[in-house]
Asker: 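Okay, here's the structure, questions in a sec.
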Amino acid sequence: MGRLGGKVALITGGGMGIGREAALLFAREGARVVIADIDAAAARAAAAAVEAAGGEALAAVGDVALEADVARMIAEGVGRFGAFHVLYNNAGVLWKDRDRSVLETDERWWDRVMAINLKSVFWVTKHGIPHLRRAGGGSIILMGSVSALAGFTRAQDAYTAAKGGLISLGKSLAIQFAKDRIRCNVIHPGIVDTPLQAPYLTEALRREFAAGIPLGRIAEPREIASVALFLASDESSYMTGAELVVDGGFTAA
Ligand SMILES: NC(=O)c1ccc[n+]([C@@H]2O[C@H](COP(=O)([O-])OP(=O)(O)OC[C@H]3O[C@@H](n4cnc5c(N)ncnc54)[C@H](O)[C@@H]3O)[C@@H](O)[C@H]2O)c1
């Protein structure tokens, strides 16, 4: 059956990076996955990769910041697979050029970063929780960041605030829906080698990051996806309202 046998998982931002890795991993462990992404080509390619590996996947194309898109993508998933058990809120953007200090950031970029990184969880849970209830319970996973725990010396204030907001929202969801056997936990990755970081990760910056990380390197996407797999599975059945830091020891140092 696999560790997620019988489950249906929504993975937002599943077209690339950590989300794509999670889609492949979840499917390998028996889940049927709905890959919800704004990038149609990436979503379809990820779904095709899952199917090529013997899994079942649906590519749902839309913007997680928009209620109508989220409601439609969830409906498409239910139409194909009949239920949802896991809502993995993975989609996020890091725009270091536009999202900087409060002194330098335009309102439009502040609002867009908040809408993708925080408001998206409002829409996914508003439209997804009724399906988890119907399924008799489930797991909600939020993607925080070590920036929400430590702040960054190079300011990305909208990103940091959105990720901080997820911590509080996650606790509220955990408490509210525990009676429905719905759990909600947050993962705080450190730096991960994905397309999100690619525009910024010069060799010099990679070395600088690595020097501050006790494990001596940045993470591979699968090292975060495997933690999401644990939270999605019943192996984490007694965990809710928790935060898992997956940062190679960065915040401990
Ligand atoms: N990579 C890191 O270093 C790192 C560190 C901490 C936290 N995170 C978080 O992990 C999550 C995944 O990051 P990643 O590095 O894999 O990113 P990524 O950029 O590699 O992939 C993100 C995916 O989300 C999709 N996406 C972006 N905006 C969207 C929208 N409006 N609607 C639907 N889909 C959208 C993209 O098309 C892409 O497929 C994000 O929430 C990110 O903030 C990443």
Side-chain angles (χ1 to χ4, degrees), residues 10-25 34-47 49 59-74 87-96 98-99 109 111-124 141-152 154 156 158-167 170 186-201 205-206 209-210 213 217-225 227-228 231 243-248 250-251:
L10 175 77
I11 305 177
T12 67
M16 273 184 253
I18 299 164
R20 185 181 199 277
E21 203 64 35
L24 287 161
L25 188 56
V34 177
I35 297 170
D37 206 292
I38 199 167
D39 183 328
R44 291 187 188 120
V61 180
D63 183 346
V64 290
L66 302 179
E67 181 176 19
D69 282 18
V70 171
R72 175 182 47 76
M73 293 190 287
I74 288 177
L87 304 174
Y88 181 10
N89 293 271
N90 165 79
V93 289
L94 176 70
W95 291 329
K96 292 190 186 185
R98 287 156 280 177
D99 173 17
W109 297 122
D111 287 347
R112 184 69 180 140
V113 169
M114 288 300 238
I116 296 171
N117 290 1
L118 180 58
K119 196 175 188 181
S120 60
V121 177
F122 171 31
W123 300 137
V124 168
I141 305 164
L142 309 184
M143 283 300 257
S145 165
V146 290
S147 67
L149 305 177
F152 276 163
R154 296 177 188 83
Q156 294 137 41
Y159 183 87
T160 302
K163 295 299 188 185
L166 290 175
I167 299 173
V186 184
I187 301 173
H188 294 301
I191 310 278
V192 191
D193 202 350
T194 67
L196 174 135
Q197 289 287 356
Y200 317 111
L201 268 183
L205 195 56
R206 211 179 261 270
F209 281 142
I213 298 170
R217 61 180 176 82
I218 66 174
E220 294 298 328
R222 66 179 160 71
E223 294 178 300
I224 312 300
V227 177
L231 290 176
E243 296 164 58
L244 288 178
V245 179
V246 190
D247 68 349
F250 174 72
T251 47

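If you read the sequence from its start, that first residue is 1, and numbering goes on from there. Each ligand, and each atom within it, is numbered from 1 in the order the structure gives.
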Asker: Regarding D111 and K119, does a basic nitrogen lie under 4.0 Å from an acidic carboxylate oxygen?
Answerer: no
Asker: Please determine whether the number of non-hydrogen atoms from other residues, nucleotides or ligands lying under 6.0 Å from atom CZ of R206 exceeds 12.
Answerer: yes
Asker: For ligand 1, give me the residues whose heavy-atom distance to it is below 4.0 Å, by chain and number please.
Answerer: G13, G15, M16, G17, I18, D37, I38, D39, G62, D63, V64, N90, A91, G92, V93, R112, I116, M143, G144, S145, Y159, K163, P189, G190, I191, V192, T194, P195, L196, Q197
Asker: Are the side chain of W123 and the backbone N or O of A65 linked by a donor-acceptor pair below 3.5 Å?
Answerer: yes
Asker: Which heavy atom of N117 sits nearest a heavy atom of Y159, and at what distance?
Answerer: ND2-CD1, 3.3 Å
Asker: Tell me every residue that passes salt bridge (charged side-chain N to carboxylate O under 4.0 Å, His left out) with R98, counting only those two or more places apart in sequence or in another chain.
Answerer: none
Asker: Can we say E223 and R217 salt-bridge, meaning some charged N sits less than 4.0 Å from an Asp/Glu carboxylate O?
Answerer: yes
